[in-house]
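When reading the values below, keep in mind they use all heavy atoms of this one structure, side chains included, and skip hydrogens, waters and symmetry mates.
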Amino acid sequence: DTEVTQTPKHLVMGMTNKKSLKCEQHMGHRAMYWYKQKAKKPPELMFVYSYEKLSINESVPSRFSPECPNSSLLNLHLHALQPEDSALYLCASSRGGNYNEQFFGPGTRLTVL
Amino acid sequence: AQSVTQLDSHVSVSEGTPVLLRCNYSSSYSPSLFWYVQHPNKGLQLLLKYTSAATLVKGINGFEAEFKKSETSFHLTKPSAHMSDAAEYFCVVSDTKSWGKLQFGAGTQVVVTP
């Protein structure tokens, strides 16, 4: 299995809702990533987990809360989002260590009303 | 510090003609270089990577790229464009000093006309 899966594909939420994005990989990778991508822009790194520990937080607002329950799963909990948070959220994974090649999932298209 | 410049924001080619996407990079350390493709409303797919082995790198779907250290370039080429090549292409650099962080170029949108 050489893919990263993400659910849901689409999500519409109000500013007072709480929702979660899920990401899963079965490649035995030890690093996982969350990115945010706005239209016509490259992805922006949000969080990096290495060996299930948060290693990079790119000064992301606290309304985004990542969680790594195990080495195959990565969640992004959303609460009190703003309309400007609407974007494509991409998950990626890599082998970790000196291997920096990242494999991306298909993304979740998030719309905040 | 590492950085990437994609020299063309938009490239239009006719089906069956060559494709050239230009990328220049800057890195203080031994860089790894990648090209990713993103079709509309999809995730990013790795086309090819350079990691200090052969300077001419072959990727998927007939794409290849040449690493030129003297010119700090990593241009992507394909001899004959196909309609399915219409997409956004990102040149990406990563180095050993910035583990976990990929530096993306701004992207090049490729349009293929019949």
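Between F104(B) and F34(B), a ring centre-to-centre spacing not shorter than 6.0 Å is recorded.
Only the backbone of K42(B) has a heavy atom closer than 4.5 Å to any heavy atom of chain A. Contacts between Q45(B) and chain A at a heavy-atom distance below 4.5 Å are absent for every atom of the residue. In this structure, chain A has a heavy atom under 4.5 Å from the side chain of L46(B), while its backbone stays farther away.
With rounding to the nearest 0.5 angstrom, the OH atom of Y89(B) is 7.5 Å from the CG atom of L76(B). E3(A) contributes atom CD, which lies 10.0 Å from atom CD of E24(A) (distance to the nearest 0.5 angstrom).
Listed in order of number, the residues of residues 37-55 of chain A that approach chain B to under 4.5 Å between heavy atoms are Q37(A), K40(A), K41(A), P42(A), P43(A), L45(A), V48(A), S50(A), S55(A). Taking non-hydrogen atoms and a 4.5 Å limit, the residue list of residues 71-91 of chain A in contact with chain B, ordered by number, reads L88(A), L90(A).
Both W35(B) and Y25(B) belong to a single network of hydrophobic side chains, linked directly or stepwise wherever heavy atoms of I, L, V, M, F, W or Y lie under 4.5 Å apart. Tracing side-chain contacts under 4.5 Å through hydrophobic residues (I, L, V, M, F, W, Y), one never reaches L110(A) starting from L113(A); they form parts of separate clusters. Connection of M83(B) to V37(B) is established within a shared hydrophobic cluster, with ILVMFWY side chains joined at heavy-atom distances below 4.5 Å, either directly or through further cluster members.
When every heavy atom of S32(B) is checked against every heavy atom of T51(B), the shortest pair comes out as OG-CG2, 3.7 Å.
Using cut-offs of 30° and 60° on the angle between ring planes, the pair F104(A) and Y36(B) is perpendicular.
Looking at heavy atoms from C-beta onward, L21(B) lies in side-chain contact with V110(B) at the 4.5 angstrom threshold. Residues L11(A) and K19(A) have side chains in contact (heavy-atom distance under 4.5 Å, counting atoms from C-beta outward). The shortest side-chain heavy-atom distance between Q109(B) and V11(B) does not fall under the 4.5 Å cut-off.
Per-residue counts of heavy-atom pairs under 4.5 Å with chain B were compared for E58(A), Q102(A), R109(A), K9(A); the largest is that of Q102(A).
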